[in-house]
Number of protein chains: 2
Amino acid sequence: MPTPRAEPRAEQRAAGGARDRVLAAALDLFGEHGVSGTSLQMIADRIGVTKAAVYHQFHTKDEIVLAVLAPAMESLHRSIEEAERGTTPAARREAMLTSLVDLAVGNRRIAAILRADPAAAELARSHPALDVGDRIRALLVGPDPDVRSDVAGAMVGGALMMIGAAPELERYGDDELSANLLELARDLLGRHAGTARRG
Amino acid sequence: MPTPRAEPRAEQRAAGGARDRVLAAALDLFGEHGVSGTSLQMIADRIGVTKAAVYHQFHTKDEIVLAVLAPAMESLHRSIEEAERGTTPAARREAMLTSLVDLAVGNRRIAAILRADPAAAELARSHPALDVGDRIRALLVGPDPDVRSDVAGAMVGGALMMIGAAPELERYGDDELSANLLELARDLLGRHAGTARRG
DNA sequence: GTCTATAGGGAGATAGAC
DNA sequence: GTCTATCTCCCTATAGAC
């Protein structure tokens, strides 16, 4: 067979090209020091090149942040659209909750980044995927929640955001963690489903 | 009667002295932009003085961060010590949970700061009050938790950290919020109390 | 794709006058 | 307690050679 593309060199194979190595290093460092606390110099040092080499891949720091967050953002967006197609409130809640748990567990470190930086969260909102807090909340607790549902929804959201930062959960695999999170979250949200009347 | 102390001037009365005005501005700005995202220039501008005036009160930025966090840290420390004096696991859990909810609700913005910056969290650990994650966890879920209790404990911890960042909860008063949080957290943690055996 | 070199600005921090 | 002025360092970002 012919060679459609040149073989990547050893350093590139490690993470699939210079661009990907930048993103991998950025993901690490954002998690350790926050986005504001991470400089391009740190990213360059981590992969053993100079700042200028990093700038050849991404022209601004914001581009790097967005590129790190993009896959999770897009996945979240697809999950919301899909959940909104559910025909009953319970079905919509269950679909959103399942996707959210999977997403949070599968991207523990990205959740930690969004948790960890107001600037990053704002940047993410410029992406057509994360001005979606209201849509997620509506899917989880309905359009007009009472206090208790509101608090339960915030607890679930907060818990999912924080799982990446909990050292005692690192020893659990994705499947085990997801199953337990899902069960407890369902419990928290579902307890009063259909009975949430006021007065 | 004599005058034991000079009257504070008008600008000082607003927040009780220059030092307190710095701390108040810092609390605001840390919440808005994170700790790393807040410069001394921003703090100085907010209260209408120069950086040098701020440096007269605190010799480093870290000092400001610690001073902002200190009251909550000390309160947390006292709560842990008190909870550890409980005579049964259930009593210790209940004491810790109650204090934790009160603390988180009463200091929503400080929780947001700790949530929002790895550097701030690390700084806080240098204070003799917040290498205490393990002690809190032991009080909430016992010394040898199963998966489910571990996840439940992390959910409660995460939820409490995030409540300051949830816009939909801002409209609730402290009492209403505390009551609902406490009830739901108790539920999450207590469901399996005494039955958490393995094998 | 990576380098050296550098521009331009804002960061934390200090000195000394008022 | 606050100011002006200044220091040093590191940041993001750019230019141009290899």
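Every chain is numbered from 1 and lettered A, B, ... according to where its sequence line falls, protein lines coming before strand lines. Nothing here was measured: the structure is a model prediction, and the numbers come from that model.
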Requested in this report: Would you classify A:T38 as touching base, sugar-phosphate or nothing, given that sugar-phosphate means primed atoms plus P, OP1 and OP2, and contacts are heavy atoms under 4.0 Å?
Outcome: sugar-phosphate

Query raised in the report: How many Å lie between CD1 on A:I43 and C1' on D:dC10, as a whole number?
Result: 15 Å

Write down the protein N/O and nucleotide N/O pairs, taken from nucleotides 3-6 of chain C, whose separation is under 3.5 Å; answer none if there are no such pairs.
{"residue": "C:dC3", "atom": "OP2", "partner": "A:T50", "partner atom": "N", "Å": "2.7"}
{"residue": "C:dC3", "atom": "OP2", "partner": "A:T50", "partner atom": "OG1", "Å": "3.1"}

Query raised in the report: Can you tell me how far P of C:dA11 sits from CG of B:L29, to the nearest Å?
Result: 12 Å

**Report entry** Among C:dT2, C:dG12, D:dT2, the one nearest B:L40 by side-chain distance
**Finding:** C:dG12

Report task. Quickly work out the B:M42 CE to C:dA13 P distance and round it to whole Å. Result -> 16 Å

**Report entry** Contacts of type side chain to side chain contact (heavy atoms under 4.5 Å, CB included), residue B:E82, not counting sequence neighbours
**Finding:** B:R85

Query raised in the report: Heavy-atom distance under 4.5 Å between the side chains of A:R171 and A:E176, does that happen here?
Result: no

Query raised in the report: What residues form a side chain to side chain contact (heavy atoms under 4.5 Å, CB included) with A:A72, not counting sequence neighbours?
Result: A:N107, A:I110

Query raised in the report: Want to settle it: does A:H59 or A:Q41 sit nearer the 5' end of DNA chain D, counting the closest nucleotide to each?
Result: A:Q41

Requested in this report: Return the value, rounded to whole Å, for the distance between atom NZ of A:K61 and atom P of D:dT12.
Outcome: 5 Å

Report task. Report the distance from atom NE2 of A:H56 to atom P of D:dG16, rounded to the nearest whole Å. Result -> 15 Å

Query raised in the report: Has B:R21 got a side-chain N or O lying under 4.0 Å from the OP1 or OP2 atom of D:dT2?
Result: yes

Query - B:E63: partners by salt bridge (Lys or Arg N to Asp or Glu O under 4.0 Å), with sequence neighbours left out - result: none

Requested in this report: Check step by step if side chain to side chain contact (heavy atoms under 4.5 Å, CB included) holds for A:H77 and A:M73.
Outcome: CA-CA 6 Å; A:H77 197 230; A:M73 296 296 97; over 6 Å; no

Report summary line: Residues at least two apart in sequence or cross-chain that pass side chain to side chain contact (heavy atoms under 4.5 Å, CB included) with B:A26, listed by chain then number, are B:F30, B:I43, B:I64, B:V68

Query - Length of the OH-C1' vector between A:Y55 and C:dT2, whole Å - result: 16 Å

Requested in this report: Ignoring backbone atoms, test whether A:S39 places a side-chain nitrogen or oxygen under 4.0 Å from the OP1 or OP2 oxygen of D:dC10.
Outcome: no

Report task. Measure from CD on B:Q57 to C1' on C:dA13 and round the result to the nearest Å. Result -> 16 Å

Query raised in the report: What integer distance in Å separates A:I47:CD1 from C:dT2:P?
Result: 7 Å

For residues 47-57 of chain B, tabulate all N or O donor-acceptor pairs below 3.5 Å that involve a side-chain atom, not counting sequence neighbours.
none

